[in-house]
> 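I am attaching a structure below and will ask some questions about it afterwards.
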Amino acid sequence: MKKLLTLLFLVASFVTSPLWAQFTGTYYVGAAGTRPSGGDPDYLTLASALTAVNAGTIAGDCTFYITSSLTETANVCLGVNTNGHSITFKPAAGTVDTITFTKTSDNTGASGNWVFGVPNLTTTSTTNYGMLTTDNIIIDGSNSVGGTTRDLVIQNVAAAHANTVVIRLLGEVNNFTLKNAVVKQLSTGASYAVALINRYFSPTLFTPDTVLVENCEINATQLKGQAFAVTNSGSTAYWDGVRNLSIKNNKLLGTARGIFLNYVGGPTVISGNEIKVNQVQSKTSAFGIFLFVVDSASVIDIYNNKISQLQTVLNNTGGYYTAGIECGNNVTLPYTANIYNNFIYGFATSATADTALFYGIRATANAAPTVNLYHNTIYMDNLEPVGSTFTYYGVYMSQGAVTLKNNIIFNNEGDVNSYCMVRTGTAGTLVSNYNDLYPAGTSSKVGLWGTTPVPTLLNWQDSSGHDANSKSVLVNFKSTTDLHLALASDGDLNLIGTPIATVLTDIDGDTRHLTFPYIGADESNTPLPVELTSFTVSAKGNVVELTWQTATEKNSSYFEVQRKSDKDSWTTVGKVSAAGTTTEKAKYSFTEKDVKGAVAYYRLKMVDLDGSYSYSKEVEAKVDLPVNFELSQNYPNPFNPSTTIKYAVPVDSKVKLEIYSSLGELVTTLVNDLQPAGNYSVAFDASRFASGTYIYRLTANSTVITKKMLLLK
């Protein structure tokens, strides 16, 4: 009997051991007595919960609700095969909780306060940290289902533990989500708040895949110098980095980097973030977003971000600088960066700095990537003079295939030389057009081409051969910290850009006009003065009819119809009054007769009441050409005192149209010119001639045609 009882006890212990625990459903973690239904939670600490999970089996989706603030004296880790299920951590309904990690020394193995991808923190890198593929992890800081409130704070303490990361993903942590949380790196010796780490241990690469960081506030400002809000890092033995990375709608604060991507693959999306960088240590660079090493053929989309503070204490000895967005690459692997709808502003520096070097966007990668800059608004704040080599650039390009369209670069620096755009060297290619490059300050310039300063837009166009349709006009913003359009810029014809097929909304998600979008990141709610929705042309013979329609108009005065041929410049051929101000559709038409040549091009000059104007797209009219040389009978005939003579030439010809008396004397020459193929009509006024029969003769090249007409008075 005693042996049987002992056996039963051993079996019971074996079955209930954490090594064989199966997890599925709901669990609670918190202080004693805080279970929502009453009583104690399943686990009193996060450490105890994760220890059990690491030793158990995931049999279904699991949710661990935090029921109170937690003080974790030991760092924690989660490394477990989830068997395709998810593990979620979130505050219990109605609670606002803080998880504080108080350990002030680094782990024996993988450093970090909360580490994912390893089942323990003692195994060192010599044995791959014991990395274990860990999938489908969610940290959701909202205390409601589907909520977006930030009710969970994850932080460490203000102590100098140098390598500790608050949240660290190590190796194969796939389908990981961090959302609706506040993450604070408070260590005075640590660099990172959230870090994604890929590792290569021959012959295996361990890389996070499908990572989302959304709607979080991430703060890494305690450490002077190298403190990053979100970063990823990898191994120099292998370039492949974290893939399917999305960093969206966060508030990110750092002293050195808002986002630092080192060994990242595509697709990567960085959107909707507000980023502030406040560098307080000299001889240290600072970046809002820094693409440091990007895998070959990757696509990085950076859009709808507000980089609202770029403050630094700089000593440029050694090449330190500050940039809103840096498109670099520390290896020769080409990639594509699409950068659009971003606000970049808040440049500032300390008066004690001896030199300073600022960039709004910098494209200098060794690998010569493709960088597309569309609809960005960069405001270069007026800074106090600092040192003797203070330099300041809106967009700086030295390598790569760079395209700039529909950007506003407002250079308000008034004390030292500064440039809206800079192109150095000859590496790579540049396409630039439809931008507003405005040097507002007394010392500011439109550009620097090579080493030559170019003060005005005209100088820039002459030097670069670019920006033929760009402007250099004042832009009114709501404020220097709110770059939405305001006042006279709201509806300014000068701010019409060119449609970009891949950018259909603005920084706020508002739909852009398909034909006449605003340049810059903000698509104002006020339609541009003439919202042209259609412009078509039709030709019948040598008669051309133009029709166009507007959806809305604001203070529009008139439309000037202009025509040109392949050989001639634009000529005004008509004028049509506009509707003024209306939100109703308006239709217009214009007919031109006796159009010469085989092809004619038309455009509309849309003129506002204040004299400002813009042009429509061009349309082409193909005029029907005659087959033979023809001279028609004049009409009317007989006539008194005037008549009309029509003729046709099927090819470009030297044409003479002459009037003779019945005795063969030359009376007058109506036409003597080289004319393109077409149909022509000429009026003959005979008020000074006597009644009688007259002969009119057409000579076109070698063709001669003669007819008679009768003048009766």
> Looking at Trp570, does the NZ or CZ of Arg603 lie under 6.0 angstrom from its six-membered ring centre and within 45 degrees of the ring axis?
yes
> Mind telling me whether Tyr396 and Tyr393 have parallel, tilted or perpendicular rings, with 30° and 60° as the class edges?
tilted
> Between CD of Glu545 and NZ of Lys593, what distance do you get to the nearest 0.5 Å?
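Spacing of CD (Glu545) from NZ (Lys593) equals 11.5 Å.
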> Only one of Thr536, Val576, Val537 forms a side chain to side chain contact (heavy atoms under 4.5 Å, CB included) with Leu546, so which one is it?
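It is Val537; the other options fail the test.
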> Would you check, one step at a time, whether the test side chain to side chain contact (heavy atoms under 4.5 Å, CB included) holds for Ile361 with Ile339?
CA-CA 9 Å; Ile361 299 175; Ile339 302 173; 4.2 Å; yes
> Are the ring centres of Tyr303 and Tyr374 closer than 6.0 Å?
no
> Does His466 form a side chain to side chain contact (heavy atoms under 4.5 Å, CB included) with Gln461? I'd like the steps, not just the answer.
CA-CA 5 Å; His466 294 280; Gln461 291 167 334; over 6 Å; no
> Check the orientation of Trp449 and Trp460. Use parallel for under 30°, tilted for 30 to 60°, and perpendicular for over 60°.
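Trp449 vs Trp460 ring planes: perpendicular.
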> Is it the case that the side chain of Glu560 and the backbone of Met606 share a donor-acceptor pair, with hydrogens and angles ignored and the cut-off at 3.5 Å?
no
> For residues Asn701 and Lys654, is any side-chain donor paired with an opposing acceptor at under 3.5 Å?
no
> Checking side chain to side chain contact (heavy atoms under 4.5 Å, CB included) for the pair Val682/Leu657: CA distance, chi angles, key distance, verdict?
CA-CA 9 Å; Val682 180; Leu657 182 61; 4.2 Å; yes
> For Asp492, is there any backbone N or O sitting under 3.5 Å from a side-chain donor or acceptor partner on Asn494?
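No; judged by distance alone, with no hydrogens or angles, the pair does not exist.
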> Judged by modelled atom types alone, do Asn412 and Tyr379 share a side-chain donor-acceptor pair under 3.5 Å?
yes
> Could you tell me whether the side chain of Glu658 and the main chain of Leu698 form a donor-acceptor pair under 3.5 Å?
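No, the answer is negative, given that no donor and acceptor are paired below the 3.5 Å cut-off.
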> Salt bridge (charged side-chain N to carboxylate O under 4.0 Å, His left out) between Arg362 and Glu326: does it pass, once the steps are laid out?
CA-CA 5 Å; Arg362 187 171 184 260; Glu326 168 85 0; 2.8 Å; yes
> Which label fits Phe684 and Tyr694: parallel for a plane angle under 30°, tilted from 30 to 60°, or perpendicular past 60°?
perpendicular
> Can you see which heavy atom on Gly520 is nearest to which on Arg512, and at what distance?
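It is O-NH2, 2.9 Å.
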> Test Thr643 against Asp685 for side chain to side chain contact (heavy atoms under 4.5 Å, CB included), laying out the working first.
CA-CA 7 Å; Thr643 189; Asp685 184 358; over 6 Å; no
> Locate the shortest heavy-atom distance separating Ser589 from Thr547; write the atom from each residue and the value.
CB-CG2, 4.1 Å
> Less than 4.5 Å apart, side chain to side chain, heavy atoms only: is that true for Ser464 and Ser432?
no
> How are the rings of Phe343 and Tyr345 set relative to one another: parallel (under 30°), tilted (30 to 60°) or perpendicular (over 60°)?
perpendicular
> Using modelled atom types only, decide if a donor and an acceptor are shared between the side chain of Lys713 and the backbone of Phe689 within a distance under 3.5 Å.
yes
> Working to the nearest 0.5 angstrom, can you tell me the gap between Leu437 CG and Thr456 OG1?
11.0 Å
> Does some side-chain heavy atom of Ser418 sit less than 4.5 Å from a side-chain heavy atom of Ser444?
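Yes. Closest side-chain heavy atoms under 4.5 Å.
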> Under 4.5 Å between any side-chain heavy atoms of Val395 and Leu373, yes or no?
yes
> Are the ring centres of Tyr588 and Phe559 closer than 6.0 Å?
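Yes, the ring of Tyr588 comes within the 6.0 Å limit of the ring of Phe559, centre to centre.
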> Using side-chain heavy atoms (C-beta onward) and a distance below 4.5 Å, is Leu457 in contact with Ser470?
yes
> Please name the pair of heavy atoms, one in Ser489 and one in Tyr518, separated by the smallest distance, quoted to 0.1 Å.
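It is O-CE2, 3.8 Å.
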> Restricting to non-hydrogen atoms, name the atom on Leu404 and the atom on Asn435 that form the minimum distance, rounded to 0.1 Å.
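In terms of heavy atoms, the two residues are closest at O-ND2, 3.4 Å.
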> Assess, by modelled atom type and distance only, whether the side chains of Asp467 and Asn433 contain a donor and an acceptor separated by less than 3.5 Å.
no
> Taking side chain as C-beta onward, heavy atoms only, is Phe410 less than 4.5 Å from Asp436?
no
> Ignoring hydrogens and geometry beyond distance, is a side-chain donor-acceptor pair present between Asp482 and Ser479 at under 3.5 Å?
no
> Indicate whether the side chain of Gln633 and that of Tyr635 have a donor and an acceptor atom separated by less than 3.5 Å.
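Absent: no donor and acceptor within the cut-off.
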> Could you check whether any side-chain heavy atom of Asn305 comes within less than 4.5 Å of a side-chain heavy atom of Glu274, counting everything from C-beta outward?
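No, side chains not in contact.
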> So, taking the atom named CG in Asn640 and the one named CG in Leu710, what distance separates them when rounded to the nearest 0.5 Å?
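If we round to the nearest 0.5 Å, Asn640:CG and Leu710:CG are 10.5 Å apart.
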> Which value, rounded to the nearest 0.5 Å, describes the distance between Ser556 atom OG and Leu609 atom CG?
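Rounded to the nearest 0.5 Å, the OG-CG separation comes out at 7.0 Å.
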> Compare every heavy atom of Ala363 with every heavy atom of Val402, then report the nearest pair and how far apart it is.
CG2-CB, 4.3 Å
> Of all heavy-atom pairs between Val649 and Ala700, which one has the smallest distance, and what is that distance?
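Minimum heavy-atom contact is CG1-CB, 4.0 Å.
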> For the side chain of Asp673 and the backbone of Gln675, is there at least one donor-acceptor N/O pair under 3.5 Å apart?
no
> Under 6.0 Å from the six-membered ring centre of Tyr434 and within 45° of its axis: does the NZ or CZ of Lys405 meet both?
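Judged by the rule, Lys405 and Tyr434 form no cation-pi pair.
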> Do Ile519 and Asn407 come within less than 4.5 Å of each other through their side chains, counting heavy atoms only?
no
> Taking the six-membered ring for Trp, are Tyr602 and Phe535 closer than 6.0 Å centroid to centroid?
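No, ring centres 6.0 Å or more apart.
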> Please check: side-chain N/O of Asp508 versus main-chain N/O of Asp510, any donor-acceptor pairing under 3.5 Å?
no
> Please determine which of Ile344, Asn406, Asn342 meets the side chain to side chain contact (heavy atoms under 4.5 Å, CB included) test together with Asn376.
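Only match with Asn376 under side chain to side chain contact (heavy atoms under 4.5 Å, CB included): Asn342.
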> Do Asn417 and Tyr392 have side-chain heavy atoms sitting under 4.5 Å apart?
no
> Short question: side chain of Thr377, backbone of Ala521 - any donor-acceptor pair under 3.5 Å?
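Yes, Thr377 side chain to Ala521 backbone: donor-acceptor pair under 3.5 Å.
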> Looking only at atom types and distance, does a side-chain atom of Ser653 sit under 3.5 Å from a main-chain N or O of Val651, one as donor and one as acceptor?
yes
> Determine yes or no for a side-chain-to-main-chain donor-acceptor pair under 3.5 angstrom, with Asp381 supplying the side chain and Gly346 the backbone.
yes
